[in-house]
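The analysis underlying the following values was restricted to heavy atoms, covering all of them including side chains, and did not include hydrogens, waters or symmetry mates.
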Amino acid sequence: MHPLAVSEGTHPPWIAGSDEENYPLTRKVQRDIWVHQHPSNCSDPNVKFLLADWERLPGFGIGAQIAGMCGLLAIAINEGRVLVTNFYNRADHDGCSGPSRSSWNCYFFAETSVECRQRALELVKIEDALSKGILTTKENYTSKHIWAGPTPRIWGDPWNYLQPTTDINGSLVASHRKMDRRWWRAQAVRYLMRFPTEYTCNLLNEERHAAFGKMAAKMVLKSLIGEWPKEENGRKPKSDIDKFVWSNHKPWVPRPLLSMHVRMGDKACEMRVVEFEEYMQLADRIRSHFPNLNNIWLSTEMQEVIDRTEEYSSRWNFHYTKVRRQDRSNVSMAEYEASLGRERSTNYPLVNFLMATDSDFFVGALGSTWCFLIDGMRNTGGKVMSGYLSVNKDRFW
């Protein structure tokens with residue numbers, strides 16, 4: 001995108017909903033991050049960089065990798081540096097071909113321009129650049145600084161004005177001792193995932209088609225009056241409403257749609273793991289207010305959870321990705337992902353993540369970093385007033 005696209009006074013096109021339906025200052029912050037990450041001249045001697053690989057230790061899940069990069073983006077903004085992401089191990093597979101291999105921009109738009117990326121990669125080869133501080137890398141910062149470093153304060157303290165919309169044990173939670181981190185991670189993950197690439201969109205379309213294709217087809221057939229309409233072979237010119245209004249819509253999913261992420265397995269070492277029944281109790285609470293809600297997009301690593309959906313199938317329609325899941329709770333996430341292979345173990349969680357951010361309602365566990373990030377994406381995607389029902393607290397409450 002050309003820098004003029006989000007210049008002073010314009011709105012970033014990746015933010016949906018009104019200002020009241022997003023975290024405070026979301027539009028301004030997103031525009032400011034974009035401008036910060038896209039200097040007009042990347043070769044200007046005054047432009048400094050932070051070049052960082054994504055975390056790749058086996059114990060780091062996708063959520064932890066993204067959370068770590070959110071911290072590095074905060075450091076870059078605080079130090080007046082352009083963040084340039086480098087090696088992304090989860091994109092190191094045949095699905096991400098050509099220049100996008102091993103790169104974040106296989107899945108989402110790049111965090112900076114091609115010119116800035118090239119400049120940072122040039123500087124890393126120059127010893128003076130590192131010694132003079134023109135370029136820093138992840139190794140220049142401690143883990144504590146990356147994971148718990150200071151939130152950028154250039155926008156004031158907007159986290160003090162968050163609308164309480166998170167329900168835990170039947171009560172809205174108004175305060176959080178890491179409110180600034182919650183607000184910032186929401187802004188950072190929204191920027192990093194602001195536009196999915198064609199590759200990611202195709203993954204989403206395949207899963208939507210597999211889950212909802214028959215349902216949509218039946219609705220289309222039911223709507224037909226008489227015989228199937230004849231094809232026009234493209235000869236009939238499209239009207240303006242066809243081209244400029246009806247063409248601008250999202251892929252069809254059944255609405256309203258509740259997304260539910262059930263995290264169990266090895267997560268028991270970090271948070272209180274609850275049974276599927278408690279998640280479904282929260283789903284029932286939502287439906288008591290929205291009686292036309294009957295579709296759930298379910299994501300989980302445990303086959304036990306999928307099996308238990310049969311107990312609720314008379315009242316709910318469950319949709320989920322068709323992937324092999326864990327049948328034992330003592331298997332680590334790293335071991336499970338390795339058994340799926342790098343491509344599959346990356347693609348299906350990202351599809352679930354984006355489906356969750358787009359759903360009308362969400363039930364999860366704030367103790368899970370993955371749910372924490374989904375909540376952030378929803379709160380910068382016009383979903384603040386949809387609320388969030390959590391089965392537990394996270395470690396910061």
Side-chain angles (χ1 to χ4, degrees), residues 13-18 21-22 195-261 279-280 282-300 306 309-323 347-348 350-363 374 377-378 381-389:
W14 56 89
I15 301 301
S18 67
E21 293 170 313
N22 289 289
F195 284 129
T197 61
E198 182 178 1
Y199 177 71
T200 302
C201 286
N202 287 337
L203 294 175
L204 277 163
N205 286 339
E206 288 172 10
E207 292 299 338
R208 290 190 192 103
H209 180 71
F212 311 128
K214 287 184 179 179
M215 192 186 307
K218 288 178 181 178
M219 292 173 66
V220 170
L221 288 171
K222 198 173 181 179
S223 70
L224 291 177
I225 302 174
E227 62 182 18
W228 191 265
K230 295 179 180 179
E231 287 189 32
E232 297 291 341
N233 295 322
R235 297 192 191 105
K236 186 177 179 181
K238 290 186 176 181
S239 65
D240 286 347
I241 198 169
D242 288 314
K243 291 186 288 185
F244 304 117
V245 181
W246 290 342
S247 63
N248 186 24
H249 66 274
K250 294 182 178 181
W252 185 85
V253 299
R255 300 287 185 183
L257 180 65
L258 164 66
S259 179
M260 179 184 293
H261 181 65
Y279 288 85
M280 292 307 301
L282 296 182
D284 287 335
R285 273 187 60 197
I286 297 174
R287 189 157 65 175
S288 68
H289 292 275
F290 303 92
N292 59 333
L293 173 65
N294 53 36
N295 286 287
I296 294 177
W297 181 270
L298 176 63
S299 62
T300 181
I306 300 298
T309 59
E310 291 295 326
E311 301 172 25
Y312 304 89
S313 59
S314 62
R315 298 186 290 118
W316 293 93
N317 301 318
F318 291 93
H319 313 277
Y320 42 83
T321 54
K322 303 302 187 288
V323 65
N347 291 355
Y348 98 85
L350 287 176
V351 165
N352 282 324
F353 187 97
L354 294 173
M355 286 296 296
T357 62
D358 184 53
S359 295
D360 301 287
F361 305 101
F362 182 58
V363 170
I374 288 173
M377 279 286 280
R378 291 176 59 79
K383 304 289 186 180
V384 161
M385 299 312 293
S386 296
Y388 174 20
L389 272 65

Does the side chain of [Y] come within less than 4.5 Å of [X]'s, by heavy atoms?
X	Y	value
Ser299	Thr321	no
Met355	Arg208	yes
Arg287	Asn294	yes
Leu203	Tyr348	no
Met215	Asn295	yes
Leu282	Met260	no
Ser386	Phe362	no
Thr200	Phe195	no

If you look at every heavy atom in [X] and [Y], which pair is closest and at what distance?
X	Y	answer
Ile306	Thr309	O-OG1, 2.6 Å
Leu298	Tyr320	O-CB, 3.2 Å
Arg285	His289	O-CD2, 3.4 Å
Leu293	Pro256	CD1-O, 3.6 Å

Okay, side chain of [X], backbone of [Y]: is any donor-acceptor separation there less than 3.5 Å?
X	Y	value
Asn22	Ala16	yes
Arg378	Asp360	yes
Asn202	Tyr199	no
His249	Trp246	yes

Mind checking the [atom1]-[atom2] spacing from [X] to [Y]? Nearest 0.5 Å is all I need.
X	Y	atom1	atom2	answer
Phe212	Leu257	CZ	CG	5.5 Å
Met219	Trp252	CE	CH2	5.0 Å
Ser359	Leu258	OG	CG	7.5 Å

**Request:** Determine the sole option in Arg315, Glu311, Glu310 for which the side-chain contact (heavy atoms from CB on, under 4.5 Å) test with Ser313 is passed.
**Result:** Glu310

**Prompt:** Regarding Asn352 and His261, is there a side-chain donor-to-acceptor distance under 3.5 Å anywhere?
**Reply:** no

**Prompt:** When you look at NZ of Lys214, are more than 12 heavy atoms from neighbouring residues, nucleotides or ligands closer to it than 6.0 Å?
**Reply:** no

